[in-house]
Each structure stands twice: as structure tokens, then as C-alpha cells.
Amino acid sequence: MEISIKPVDKNNWKDIAELKVSDSQTEFVASNLYSFAEAAYEESSVPLGIFHGNEAVGFIMYESLAYKDKIGEYSIFRFMISEKHQNKGFGRIALQKTISKISTFSDCRRITICYMPNNSVAKSFYKSVGFSELGIDESGEILAEIRI
């Protein structure tokens with residue numbers, strides 16, 4: 001299965017912006033367009049498109065937490081696979097590739113991810129990829145980590 005992760009750029013941003021999750025999932029994820037705006041003004045954000053061949057199927061964004069004096073810590077704070085491409089294994093491969101990419105950074109010692117407490121699908125999915133829950137963060141979301 002050919003899944004790749006590429007920087008969001010002038011050639012692919014529209015395809016990624018148009019991706020949507022199901023109506024039942026919209027409460028769990030910000031729109032990709034909002035995330036693009038955030039990445040434009042937050043220097044630490046790294047927006048990436050998820051592709052199956054040449055087709056955009058998802059979006060993931062991470063950041064270094066060095067600006068919060070958390071050297072060696074990274075956060076995956078946006079992640080979605082479009083509704084029509086879910087349950088095909090694309091998300092697992094994309095998340096594993098992103099974790100692998102971040103873990104190659106010389107200072108990386110921890111990667112975190114957050115999700116809503118009522119998102120049972122995210123809870124079991126992130127656990128199956130290797131994240132361990134730490135508890136509830138200051139925004140009321142579950143914080144989970146992978147130690148590198």
C-alpha cells in the first residue's frame with residue numbers, strides 16, 4: 001500500500017483542505033483549512049498531507065514543544081483521514097510514518113497526542129499504535145505519549 005506523507009504546499013493544499021470527516025467526527029477535529037491558517041502563524045507547526053499514490057486522503061500536523069521550553073518533546077496535534085478513506089489502514093501507516101520521522105530528530109525523547117475523552121475510537125487506535133495515556137490535560141483532553 002503506497003502511503004506517503006508530504007509537506008502541504010501550493011500544489012496540494014486545496015485537495016487536502018477539501019477532505020472531510022463524517023458528521024459524527026466533526027466535534028473531534030479542527031478543519032484542515034483552520035489548521036493551515038494556524039500553521040501559517042505558528043512557526044513550530046509542520047503541516048503534512050497524507051497521500052495514497054497521488055490522491056490526498058488525510059492530514060497530520062505536529063510541532064516541536066521547544067517554544068514551551070520542552071526540549072525534545074513533540075506533539076501531534078492534528079490528524080484526520082477523510083471519511084471515504086477510513087478503515088483502509090491509511091491512518092495507521094501515516095501515523096507510524098510520522099512517529100518514525102519525528103523520532104529521527106536528534107533531540108526527540110517524547111511524542112504526545114491528545115484526544116477527546118468521549119472519542120473511544122481514537123483511544124483504542126492510539127493505544128494500538130503504542131501511545132500510553134497520562135491523564136487529562138489543561139484543555140480537558142486525554143494526553144497520551146510515546147517515549148523515544
* Does atom CD of Glu55 have more than 12 heavy-atom neighbours from other groups under 6.0 Å away? -> yes
* Asked: Would you call Ile99 and Tyr74 a side-chain contact if the rule is heavy atoms closer than 4.5 Å?
  -> no
* **Step-by-step side chain to side chain contact (heavy atoms under 4.5 Å, CB included) determination, Leu19 to Met80** => CA-CA 9 Å; Leu19 299 175; Met80 65 82 71; 3.9 Å; yes
* Indicate, with yes or no, if Val46 and Ile5 share a hydrophobic cluster defined by side-chain heavy-atom contacts under 4.5 Å among Ile, Leu, Val, Met, Phe, Trp and Tyr. => yes
* Within 6.0 angstrom of Asn87 CG, more than 12 heavy atoms from elsewhere -> no
* Over 12 non-hydrogen atoms of neighbours within 6.0 angstrom of OH in Tyr67 -> yes
* Minimum heavy-atom distance between Glu141 and Pro117, given as atom pair plus value -> CA-CD, 4.2 Å
* To do: Report whether Phe125 and Phe28 are members of the same hydrophobic cluster (ILVMFWY, side-chain heavy atoms less than 4.5 Å apart, transitive linking).
  => no
* **Within one Ile-Leu-Val-Met-Phe-Trp-Tyr cluster: Tyr126 and Ile93, side-chain cutoff 4.5 Å** => yes
* Which value, rounded to the nearest 0.5 Å, describes the distance between Phe131 atom CZ and Arg147 atom CZ? -> 12.5 Å
* Asked: Which atom pair, heavy atoms only, marks the closest approach of Gly58 to Ile16?
  -> O-CG2, 4.1 Å
* To do: Starting at CD1 of Ile102, measure out to OG of Ser64 and round the result to the nearest 0.5 Å.
  => 10.0 Å
* To do: Evaluate the side-chain proximity of Ile142 to Ile136: yes if any heavy-atom separation is below 4.5 Å, no if none is.
  => yes
* Asked: Within the distance-only criterion (no hydrogens, no angle test), does the side chain of Lys97 pair as donor or acceptor with the backbone N or O of Ile3 below 3.5 angstrom?
  -> yes
* To do: Could you please spell out the steps behind the side chain to side chain contact (heavy atoms under 4.5 Å, CB included) verdict for Ile111 and Ile113?
  => CA-CA 7 Å; Ile111 301 170; Ile113 200 159; over 6 Å; no
* Point-to-point distance, once rounded to the nearest 0.5 Å, from CD1 of Ile76 to CD1 of Ile146 -> 7.0 Å
* Structure fact -> Residues Ala144 and Tyr115: closest non-hydrogen pair is CB-CE2, 4.2 Å
* Sidechain-backbone polar pair: Asn12 side chain, Asn54 backbone, donor-acceptor under 3.5 Å -> no
* Polar contact flag, side-chain donor to acceptor under 3.5 angstrom, Ser128-Arg92 -> yes
* Asked: Name the one of Glu38, Glu42, Met61 that satisfies side-chain contact (heavy atoms from CB on, under 4.5 Å) with Pro47?
  -> Met61
* **Ring centres under 6.0 angstrom apart (Phe36, Phe59)** => yes
* Within 6.0 angstrom of Lys127 NZ, more than 12 heavy atoms from elsewhere -> no
* Linking I/L/V/M/F/W/Y whenever any side-chain heavy atoms sit under 4.5 Å apart, do Met116 and Phe77 land together? -> no
* **Phe105 atom CZ, over 12 foreign heavy atoms within 6.0 Å** => yes
* Structure fact -> Smallest heavy-atom separation, Gly49 atom then Val8 atom, equals N-CG2, 3.8 Å
* Write down the atom of Gly53, the atom of Phe51, and the distance for their closest heavy-atom approach. => O-CB, 3.5 Å
* Is there a donor-acceptor pair closer than 3.5 Å between any side-chain N or O of Asp15 and the backbone N or O of Glu18? -> no
* CH2/Trp13 to CG/Asn32 distance, rounded to the nearest 0.5 angstrom? -> 11.5 Å
* Asked: For the side chain of Gln86 and the backbone of Ile81, is there at least one donor-acceptor N/O pair under 3.5 Å apart?
  -> yes
* Note: Glu73-Arg110 ion pair, threshold 4.0 Å (strictly below) -> yes
* Answer yes if Val21 and Phe79 sit in the same cluster of Ile, Leu, Val, Met, Phe, Trp and Tyr residues linked by side chain heavy atoms under 4.5 Å apart, and no otherwise. => no
* Asked: About how many Å separate CD1 of Ile50 and CD1 of Ile60, when rounded to the nearest 0.5 Å?
  -> 5.0 Å
* Structure fact -> Taken to the nearest 0.5 Å, the spacing of Arg78 CZ from Leu48 CG works out to 13.5 Å
